[in-house]
Amino acid sequence: MKEKDFIYKIYTKKEIQKISNKINMFGVSKKMTVESFMNTRLFTSLIVFVFTFLFVDYSAILSPIITVIWYFLFNYFLLDRPLKKREKKLDSEAYYYFEVLTLALESGRNLENAIKMACQYIDSEISDEFKETLKQVNFGKSLAESLSLMNQRIPSLTIRNIILNIEQSNMFGNSIIDTMYNQLDFLKEKQVNDIKSEINKIPNKISIVSVLFFIPLIILIILGPMLISVLGK
């Protein structure tokens, strides 16, 4: 039985499509298929269940609980967490790439040639995705169709909106340069807000560290002599 046939017997089409969309967002660097991910998750969950059922106390209660926890952790560590990291990386690369793209457009190049120029000068994940887009254009797809497919490979909502605006401007004959300057202003403002957000989190992080480490240490220093005198009696 083929892997694809097998997962369609086990999972709903909605669940398969959801996982497929997430895996597709790893872009050109994706290293797994929907079938391999879902089968690995299923079989490792079965192994966890059998192992805990055979070797853990209170297995009738704990086995289902541990298996469900493993099931969701598998999703988190192999899909959700890596996608979040990729989203942040793409967002950090976006301003520089689109700035170069805008400069190429200002020099009189059309959109396709401007993308080619930006890809020549920039080596990054977002550049790799645009290179894949150009490759699809060379294979016969239209630029609009290739950009639409690229949108499906991007986990960042910010970048997806920019690509969508570029598509629409190119399709309806609006000024792509004006669109890009608006998007660059948005990206710059977003970067500033993200930095402010990280700065605002610092006091909370310091408070947590203080509660976990420094306060117990201070209590130990204060009560230490008393404990030593009590234990010495």
Side-chain angles (χ1 to χ4, degrees), residues 20-34 37 77-199 201:
S20 177
N21 291 340
K22 285 187 175 183
I23 290 177
N24 195 43
M25 286 183 185
F26 284 98
V28 295
S29 61
K30 68 180 179 181
K31 299 177 181 178
M32 55 184 167
T33 63
V34 181
F37 173 84
F77 284 107
L78 268 73
L79 283 182
D80 297 333
R81 188 180 180 188
L83 279 178
K84 195 67 180 176
K85 287 184 178 180
R86 174 170 156 81
E87 179 182 350
K88 288 182 178 179
K89 185 173 184 182
L90 289 172
D91 283 341
S92 68
E93 297 171 350
Y95 186 85
Y96 181 50
Y97 183 89
F98 288 118
E99 187 177 34
V100 174
L101 178 63
T102 303
L103 292 173
L105 289 167
E106 281 190 324
S107 68
R109 291 172 172 81
N110 62 26
L111 180 57
E112 184 178 340
N113 288 328
I115 292 173
K116 286 179 182 178
M117 181 178 176
C119 289
Q120 283 178 343
Y121 286 99
I122 299 174
D123 183 19
S124 62
E125 282 198 29
I126 192 169
S127 180
D128 290 341
E129 295 302 331
F130 274 103
K131 287 175 184 176
E132 178 64 22
T133 298
L134 292 173
K135 189 185 295 184
Q136 291 176 355
V137 171
N138 292 334
F139 287 151
K141 287 185 171 65
S142 67
L143 181 59
E145 185 181 2
S146 300
L147 286 171
S148 180
L149 290 172
M150 176 182 169
N151 240 353
Q152 298 173 21
R153 302 194 302 271
I154 302 293
S156 169
L157 181 60
T158 301
I159 297 175
R160 290 207 303 268
N161 285 334
I162 292 173
I163 295 171
L164 182 61
N165 285 325
I166 291 173
E167 282 184 72
Q168 291 177 343
S169 296
N170 192 47
M171 184 182 300
F172 297 114
N174 299 329
S175 173
I176 300 180
I177 295 175
D178 290 343
T179 298
M180 291 310 305
Y181 272 117
N182 290 332
Q183 297 306 317
L184 287 174
D185 289 340
F186 174 77
L187 283 173
K188 188 179 291 185
E189 185 178 350
K190 183 178 183 299
Q191 286 180 347
V192 171
N193 290 333
D194 288 343
I195 292 171
K196 287 180 179 178
S197 177
E198 290 298 319
I199 292 173
K201 291 177 183 177

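Just so you know, these numbers come straight off a predicted model, no measurement behind them. Only heavy atoms go into these numbers, but all of them, side chains included; no hydrogens, no water, no symmetry mates.
- Scanning both residues, Leu90 and Ile126, for their nearest heavy atoms gives CD2-N, 3.7 Å.
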Is there a side-chain hydrogen bond (donor to acceptor under 3.5 Å, both in side chains) between Ser169 and Thr179 once you walk through the steps?
-> CA-CA 7 Å; Ser169 296; Thr179 298; 2.8 Å; yes

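- Of the candidates Val192, Asn193, Asp185, Asn193 is the only one forming a side chain to side chain contact (heavy atoms under 4.5 Å, CB included) with Glu189.
- Every residue was checked against the side chain to side chain donor-acceptor pair (under 3.5 Å) condition with Asn182, not counting sequence neighbours, and none meets it.
- Annotation: Lys131, atom NZ; neighbour count of heavy atoms from other residues, nucleotides and ligands within 6.0 Å is above 12.
- The distance from the CE atom of Met171 to the CG atom of Leu164 is 9.0 Å, given to the nearest 0.5 Å.
- At a threshold of 4.0 Å, the pair Asp194-Lys190 counts as salt-bridged, since one of the basic side-chain nitrogens sits closer than that to a carboxylate oxygen.
- Contact annotation: the side chain of Asp128 approaches that of Asp123 to within less than 4.5 Å [non-hydrogen atoms, C-beta and beyond].
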TODO: Start with the C-alpha gap between Thr33 and Ile23, add the side-chain angles, then the distance that decides, and say whether side chain to side chain contact (heavy atoms under 4.5 Å, CB included) holds.
DONE: CA-CA 7 Å; Thr33 63; Ile23 290 177; over 6 Å; no

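- Here the CD1-OG1 distance, from Ile162 to Thr158, works out to 6.5 Å after rounding to the nearest 0.5 Å.
- Taking the side chain as every heavy atom from C-beta outward, Leu143 and Gln136 never approach each other to under 4.5 Å.
- Residues Met150 and Ile154 have side chains in contact (heavy-atom distance under 4.5 Å, counting atoms from C-beta outward).
- Side chain of Thr102 to backbone of Phe98: a donor-acceptor contact under 3.5 angstrom is found.
- By the 4.5 Å heavy-atom criterion applied to side chains, Asp91 and Leu187 are not counted as neighbours.
- Nearest heavy-atom pair across Ala144 and Glu167 is O-OE1, 3.4 Å.
- Considering all non-hydrogen atoms of both residues, Val100 and Ala118 come closest at CG1-CA, 3.9 Å.
- With rounding to the nearest 0.5 Å, the separation of CE in Met25 from CG in Asn151 is 9.0 Å.
- For the atom pair OG of Ser146 and CD1 of Ile163, the computed distance is 11.5 Å after rounding to the nearest 0.5 Å.
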*Report the C-alpha distance between Asn24 and Asn21 in whole Å, list the side-chain angles of each, state the deciding distance to 0.1 Å, and finish with yes or no for side-chain hydrogen bond (donor to acceptor under 3.5 Å, both in side chains).*
CA-CA 5 Å; Asn24 195 43; Asn21 291 340; over 6 Å; no

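- A distance of 8.5 Å separates CG in Asn110 from CG in Asn170, rounded to the nearest 0.5 Å.
- In this structure, Tyr97 and Ile115 have side chains that are in contact, with non-hydrogen atoms separated by less than 4.5 Å.
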Problem set entry | Full working for side chain to side chain contact (heavy atoms under 4.5 Å, CB included) between Leu184 and Glu99 | CA-CA 7 Å; Leu184 287 174; Glu99 187 177 34; 4.2 Å; yes

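- Among Ser92, Ser156, Pro82, the single residue meeting the side chain to side chain contact (heavy atoms under 4.5 Å, CB included) criterion with Glu87 is Ser156.
- Sequence neighbours left out, the pairs with a member in residues 153-162 that pass salt bridge (Lys or Arg N to Asp or Glu O under 4.0 Å) are Glu129-Arg153.
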Could you go through the side chain to side chain contact (heavy atoms under 4.5 Å, CB included) check for Glu145 and Val137 one step at a time?
CA-CA 9 Å; Glu145 185 181 2; Val137 171; over 6 Å; no

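- In this structure, the separation between CG on Leu101 and CD1 on Ile166 is 5.5 Å, given to the nearest 0.5 Å.
- Under the salt bridge (Lys or Arg N to Asp or Glu O under 4.0 Å) test applied with Asp80, the options Lys85, Lys22, Arg86 reduce to a single match, Lys22.
- Applying the salt bridge (Lys or Arg N to Asp or Glu O under 4.0 Å) definition to pairs two or more places apart or across chains, those involving residues 106-120 are Glu112-Lys116.
- Counting only heavy atoms from C-beta outward, the side chains of Leu149 and Gln152 approach each other to under 4.5 Å.
- In plain terms, the two heavy atoms of Leu147 and Phe130 that are nearest each other are CD2-CE2, 4.0 Å.
- At least one side-chain heavy atom of Gln191 sits less than 4.5 Å from a side-chain heavy atom of Tyr95.
- Heavy-atom contacts from other residues, nucleotides or ligands closer than 6.0 Å to CZ of Phe26 number more than 12.
- At distances below 3.5 Å, at least one donor-acceptor pair connects side-chain atoms of Asn165 with backbone N or O atoms of Asn161.
- At least one side-chain heavy atom of Cys119 sits less than 4.5 Å from a side-chain heavy atom of Leu134.
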